[in-house]
Protein chains: 2
Amino acid sequence: MLDVAKKSGVSHQTVSRVVNNHPNVSEKTRQKVLLAIKNLGYRPNHAARMLATGKTSTIGVLSHDTTLFGPASVLHAVQFAGRELGYAVSLISLKSIYPEEVMAGIQELADLGAEGVIIIAPQSAEYKMLNRTSRELPAVIIEGRDTATIPSVEVDQFLGAKSAVEHLIQLGHKNIAHISGPKNWFSAQRRLEGWKAALADANLKSSTVKEGDWSPRSGYLATKEILMDRTITSIFSANDDMALGALKAINEAGLAIPEKFSLVGFDDAPASAYLTPGLTTIHQDFDEVGKQALALLLKLVRGEKLNKRRITVAPELIIRASTGKPPRR
Amino acid sequence: MLDVAKKSGVSHQTVSRVVNNHPNVSEKTRQKVLLAIKNLGYRPNHAARMLATGKTSTIGVLSHDTTLFGPASVLHAVQFAGRELGYAVSLISLKSIYPEEVMAGIQELADLGAEGVIIIAPQSAEYKMLNRTSRELPAVIIEGRDTATIPSVEVDQFLGAKSAVEHLIQLGHKNIAHISGPKNWFSAQRRLEGWKAALADANLKSSTVKEGDWSPRSGYLATKEILMDRTITSIFSANDDMALGALKAINEAGLAIPEKFSLVGFDDAPASAYLTPGLTTIHQDFDEVGKQALALLLKLVRGEKLNKRRITVAPELIIRASTGKPPRR
DNA sequence: AACCCTCTTGTTAACGATAACAATTTCTCA
DNA sequence: TGAGAAATTGTTATCGTTAACAAGAGGGTT
């Protein structure tokens, strides 16, 4: 910067003003400085700027396995939205799920200077700890639950699950099993509740639940067990990956879909439309979730008042070929 | 830091020494300082440290769509390996594929102070530009091609593709079509070449190629076209997602797999084992790729000599139920 | 006891930017 | 034409840390 100042014959402060688009700089000197900047290939030092202003223009994203479709999609959206607004994104993607690790991750992001943190899909065990964090650092939870101090953005999991199950009920299914996500995931809990609620509303029993781990493998295994009860005519799976595994188990059992058995997923992953048969599922607009979360976080960072502590994005039932009327007995 | 110094009755420099584990500090003062740090909840300011040392301990990851299985997996591995070694990871995930955007992304990461950049799956058009970059900033390319100035880490795409096709040839297939990735992706090119090479080695013609965009949808559409030629008995798809789409098209055409038609994918995504039938595919060890890439980049950052400019990780053919002998005519 | 060496601590000056205020120039209008 | 206001520029201090060097304290040797 001093080089630029010397070359263009002004003070370093004037260079700073040009770089930051301050209003009161004459056009003539601005051009002079701009030219020198270009010739010298000057680029402002981020660290120095951070130190002087106290702003880092960085936000942290803390997520469980970003290999999963949901987190990956949200991450992508958050990152993109952030970049458009001039924020860099620092990522910490956790392998394990211990609350201590989550807290350590947040601390790390804080030390890095993140102005705020977006926490993707945290698990219920962590909530107590999270509340402590938010005092130090603005935070937004995605696909989790808002807490006393941290607002959240999520697709309405409960509603999505409920409408998925209602769709099956309308088709005439009476005995609908559920493959849930890991119970310590908040979104898994909400989907489970949605399933229960839909059944209760229709005076049906919610008897069969198997817990999976979101993986196709777990869906496959769960379905094997579920199919031992031949009175069950359909499954609502808490995500598409597990539904995919379920599909295989159903095929292996020789049950035609949708004639003999119906299946609904959750996520609307790109692959789901191209399964055989196309999977009826709940579409989640992760892009919207990411955008909203970032907007919310920035408000928090700027100290603005929040009118909503919890933003929900509407899920959408996508009916494809994996659901039909239950077989006559 | 000054507070800590005051509280523990030493100079700020001594505090700095304690924080950085410098050798010549007496045990007594170390404990005093440590205590003060704990009581005051002191945490070093990253920005100031960066400014003073010139090191940011940050590496950048630039990737195309991190929603895809490959990039997402690599990102996860890189991020994890980096964090273990004390490096923060800044992510830029691109929506579009223009070289200008890639260069802008790298420039952004450089301005942020990244000590090095890992570029995931760049496309061929960008290579000229990339070479320019590496002069300013250490870089490693993943799933691309090493260049004059940038080393690379990749699963051996060519070998993987070749062994996939050889597997089909061994089963007796004579007419093997290929669904390629976008031609401007380097990995798509290499897989295409592998397919060609295997066929050439067996004196078979490499006639039918359809270009997809990695999505299930494109695999589905490509397969519809391919199936119009009834002499084709198998497809090698450049990734699992497109194979999944292909599967649907094959099913719709009423061709039983593997009795009437064989299909091979590439990636070994978690879902692929649970398709019906299980997909024969090429496994890529993305974890290993990420680790190796990070190790390579750190060598570069430290100015160490590289013994290899190009690291390849061995692919592995996973035979499942989607491949079998071609039907007798 | 004087000297030198080593170990520990302190002092001062960077790092590269912005903030706050001071100084200068230019403009406006009576 | 001159005074005051506005616009433009410059000067100095500051952000929180590490680097480089200086100074002091303690111990052993002769």
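A note on names: the letters A, B, ... follow the listed sequences, proteins ahead of strands, and every chain is numbered from 1. Bear in mind the structure is a predicted one, so any value in this text is a computation, not a measurement.
Protein chain A contacts DNA chain C from dG16(C) to dA20(C), reading 5' to 3' and using non-hydrogen atoms of the protein with a distance under 4.0 Å.
Rounded to an integer number of Å, the gap from CG of N20(B) to P of dA19(D) is 7 Å.
Residue pairs satisfying the side-chain hydrogen bond (donor to acceptor under 3.5 Å, both in side chains) criterion with at least one member in residues 71-82 of chain B, sequence neighbours excluded, are listed as follows: S93(A)-H76(B). Applying the side-chain hydrogen bond (donor to acceptor under 3.5 Å, both in side chains) definition to pairs two or more places apart or across chains, none involves residues 32-42 of chain B.
End-to-end axis angle of the helix from dA1(C)-dT30(D) to dA30(C)-dT1(D), from C1' rotation axes over five pairs per end: 50° (rounded to 10 degrees).
To the nearest 0.5 Å, the span separating CG on L35(B) from OG on S8(B) amounts to 9.0 Å. Atom-to-atom distance recorded for L306(A):CG and K308(A):NZ is 11.0 Å, nearest 0.5 angstrom.
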Restricting to nitrogen or oxygen on both sides, can you table the protein-nucleotides 23-27 of chain D pairs closer than 3.5 Å?
none

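Taking the salt bridge (Lys or Arg N to Asp or Glu O under 4.0 Å) definition, one finds that E115(A) meets it with nothing, sequence neighbours left out. Among residues two or more places apart in sequence or in another chain, the ring-ring contact (aromatic ring centres under 6.0 Å, His included) test is passed with Y87(B) by none. Residues that satisfy the side-chain contact (heavy atoms from CB on, under 4.5 Å) test with A188(A), not counting sequence neighbours, are W185(A), W214(A). By the side chain to side chain donor-acceptor pair (under 3.5 Å) test, R310(A) is found to be paired with E154(A), residues two or more places apart in sequence or in another chain being considered. Not a single salt bridge (Lys or Arg N to Asp or Glu O under 4.0 Å) links D213(A) to another residue, sequence neighbours left out. Listed by chain and number, the residues in a side-chain contact (heavy atoms from CB on, under 4.5 Å) with D287(A) are A77(A), D285(A), K291(A), K95(B) (sequence neighbours excluded).
For the segment residues 32-60 of chain B, residues with any heavy atom less than 4.0 angstrom from an atom of DNA chain C are, sorted by number, L51(B), A52(B).
E143(A) and Q157(A) are linked by a side-chain donor-acceptor pair at a separation below 3.5 angstrom, with hydrogens and angles left out of the test.
Residue-level contact check: V19(A) touches neither bases nor backbone, having no heavy atom under 4.0 Å from any strand.
Nearest nucleotide to the side chain of S11(A), out of dT11(D), dA20(D), dT17(D): dT11(D). Among the nucleotides dT17(D), dA20(D), dT9(D), the one closest to any side-chain atom of M1(B) is dT17(D).
When all heavy atoms are compared, the tightest approach of I120(A) to L75(A) is CD1-N, 4.1 Å.
Taking for each of H12(A) and P23(A) the nucleotide of DNA chain D with the nearest heavy atom, the 5'-most of the two is the partner of P23(A).
Contact annotation: N24(A) reaches the phosphate of dT8(D) (side-chain N/O to OP1 or OP2, under 4.0 Å).
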List the steps and the verdict of side-chain contact (heavy atoms from CB on, under 4.5 Å) for T14(A) and R17(A). CA-CA 5 Å; T14(A) 298; R17(A) 278 192 266 258; 4.1 Å; yes
